[in-house]
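Just below is one structure, and these are the notes that go with it.
Because only heavy atoms are used, hydrogens play no part in the values below, and waters and symmetry mates are left out as well, while side chains stay in. This is a predicted model, so every value here is computed, not measured.
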Amino acid sequence: MSRIRERFDALRRAGRKGFIPYLTAGDPDPETTVRLIRELEASGADLVELGVPFSDPIADGPIIQRASERALRRGTRLRDCLDIVAEVRRHSSIPIVLFSYLNPLLQFGLERLAAEMTSVGVDGVLATDLVPEEAEDFCRLMRARGIETIFLVAPTSPDRRIAEIVRAASGFIYVVSRTGVTGTREHLSEAMRPTVERVRRYTDLPVAVGFGISRPEHVRETWRYADAAVVGSALVQEIERRLGRPDLVARVGRFARWLKSGEGDIAD
Amino acid sequence: MSTIVSLPDARGHFGPYGGRFVPETLMYPLEELTAAYLAAREDPEFQRELRELLRTYVGRPTPLFFARRLTAHLGGAKVYLKREDLCHTGAHKINNALGQALLAKRMGKTRVIAETGAGQHGVATATACALLGLQCVIYMGTEDMRRQALNVFRMELLGAEVRGVEAGSRTLKDAISEALRDWVTHVETTHYLLGSVLGPHPYPMIVRDFQSLIGRETRQQILESEGRLPDVLVACVGGGSNAIGLFYEFLAEPGVRLIGVEAGGCGGALGQHAARFAGGRPGVLHGTYTYVLQDEDGQIALTHSVAAGLDYAAVGPEHAYWRDQGRIEYVSVSDQEALEAFQLLARVEGILPALESAHALAYVCRLAPAMHPDQILIVNLSGRGDKDVQTVAEQLARERAERGAARP
């Protein structure tokens, strides 16, 4: 059984919900990303989404766009993302999902990528701009190596599409809480709950929700309906605010604990 | 012919190319757009309304002009110019902009967004929106806004809001990314009016269909004036809408050579040109699988061309297909050659071509002299060059300064 399924099963048995932070690999550099993942694990992360930087991130708002630019300026490539996971795996068994745009994966070679992901210990992959219609080879090659293939469901997805998506998906379903790009928001979208409920009608796979989840109350609200909450831009923004500071890793850990528990002081 | 009319397939593939590589949020809107377009295509009332606007507002059919002095100057094949530069707003872009704006209205959308490189598609979209009473937002890289300041002002005069894009190379690629981000956020009310045969299905099909009247008119016109089909058709290829618009009608005519001209820029290294078929390989950019200029890791490369409308890292997926099939040939010409062709056409025919179209002309300058005087060559003069006068003046001044400095 994959680490992802084990983790969701353990959460379910314990009657708990999952907390999934997103980081852009190599922001601000690969060594810090390794330290951040370990800190996030210590701060209660149940799974980590590791973003592969891409030059043209069409689904991302300004915060993650800037993180991608910082990582690319340092020369972080898919190979480095895999090396980051290899380094984390020396000490940790936290489930890790690569979160990428399709083109860097394609150019690496899907078969080679699946083999490398297995060997370094990546558990799943989500390509933002890959939908099931175009993912037949992708799913076959990833599944052959035991890599979970995670797909997005959006508020605009009709039931017919949801049925198709859950057939291609494994590990968990990632529900996009709103139409739009990634970014921090004041309020959660009202589209979240009905979308999660529609997904539940088609699958028993765990459901994680992301896009716009920026505050502890958003996390708790998401947990009422879904199995896990994904926090990306809010966390990446915290990294951006602490760039160049020696306590960056510790502050991001503190921010993650605040998001998860609503407790603690995140002021400067 | 049957293999041609059946492309793309139901999921938008041209052989291995095309398709839909977008975030899930956009899939249903793309399905809706496809259904609405296919219904409109079969609706005589929609077609009648579009035809009437193309005739009375755009000024179609555009002339097919025999370039007598250019032909004499080049000393080979007879050169004809398909005068898309005479369309209202000065380029072929209006053919597609009007078609899609009518479609947006039919779908009940109140807001239209578009990307623009040279500004021609932005102006065409702003124009169509003014005509049909639609709200209009144009995304444009700030580098392109600098190069095409006149077109920025034209769009604003037409009531559009022009939003500068600061990301990346600040050119067309970044404008498309930003337009996609807007669309994914406002998809309920907004139609994304894509300007070339790029992006996810159904755009490459829709834009091709709206532009294919260029080739249909050309066939009729050349049969009237010469009594036979041409030997060669030449068009510049950025995304490739003017080229596919001219070529589509002739794909099933094996006797007609089809040549697409890419931007060779100022050198062969990655980043110095926009010749996707010379320096690119298949990959995914902006929703479609096609030839893309990229580095080893799949990061999209920066591109360069003196012509903003050709300055893009990917080419339309249908072009990738016909290139693999060997049906359309692709070549490239340099900034320098395009600038020379620009000046030549001005002097011998009294026509300022767009720098994009000047790329096609530059290749004609190479090809025509090697052809027989009985042969016929048609070049798509896809846009007019008024917008480029400032750029050309700067380039020529730079050349003069360099020549002066090199003199002993």
Heavy atoms of other groups near Glu188(B) CD, more than 12 under 6.0 Å: no
Distance-only side-chain donor-acceptor flag, Glu221(A) / His187(A), under 3.5 Å: no
Exercise: do Glu115(B) and Tyr192(B) side chains pair donor with acceptor under 3.5 Å: yes
Residues in residues 99-121 of chain A near chain B [non-hydrogen atoms, under 4.5 Å]: Leu102(A), Asn103(A), Pro104(A), Leu106(A), Gln107(A)
From OG1 (Thr184(A)) to CD1 (Ile213(A)), nearest 0.5 Å: 12.5 Å
Atom group of Pro200(B) that falls short of 4.5 Å from chain A, counting heavy atoms: neither
Part of Glu296(B) lying under 4.5 Å from any heavy atom of chain A: backbone
More than 12 heavy atoms from other groups under 6.0 Å of OH on Tyr28(B): no
Heavy-atom contact with chain B under 4.5 Å, split by part of Pro57(A): both
Residues of residues 155-163 of chain A contacting chain B, heavy-atom criterion under 4.5 Å, by residue number: Thr156(A), Ser157(A), Pro158(A), Arg160(A), Arg161(A)
Side-chain donor/acceptor of His121(B) to backbone N/O of Leu193(B), under 3.5 Å: yes
Region of Asp182(B) in contact with chain A, defined by heavy-atom distances below 4.5 Å: neither
Residues of residues 167-177 of chain A within contact distance of chain B, non-hydrogen under 4.5 Å: Val176(A)
Side-chain (Lys109(B)) to main-chain (Val187(B)) donor-acceptor, under 3.5 angstrom: yes
Side-chain (Ser177(B)) to main-chain (Asp56(A)) donor-acceptor, under 3.5 angstrom: no
Residue His186(B) versus chain A: region with a heavy atom under 4.5 Å: neither
Residues of residues 284-295 of chain B near chain A, each having a heavy atom less than 4.5 Å away: Val284(B), Leu285(B), His286(B), Tyr289(B), Gln294(B), Asp295(B)
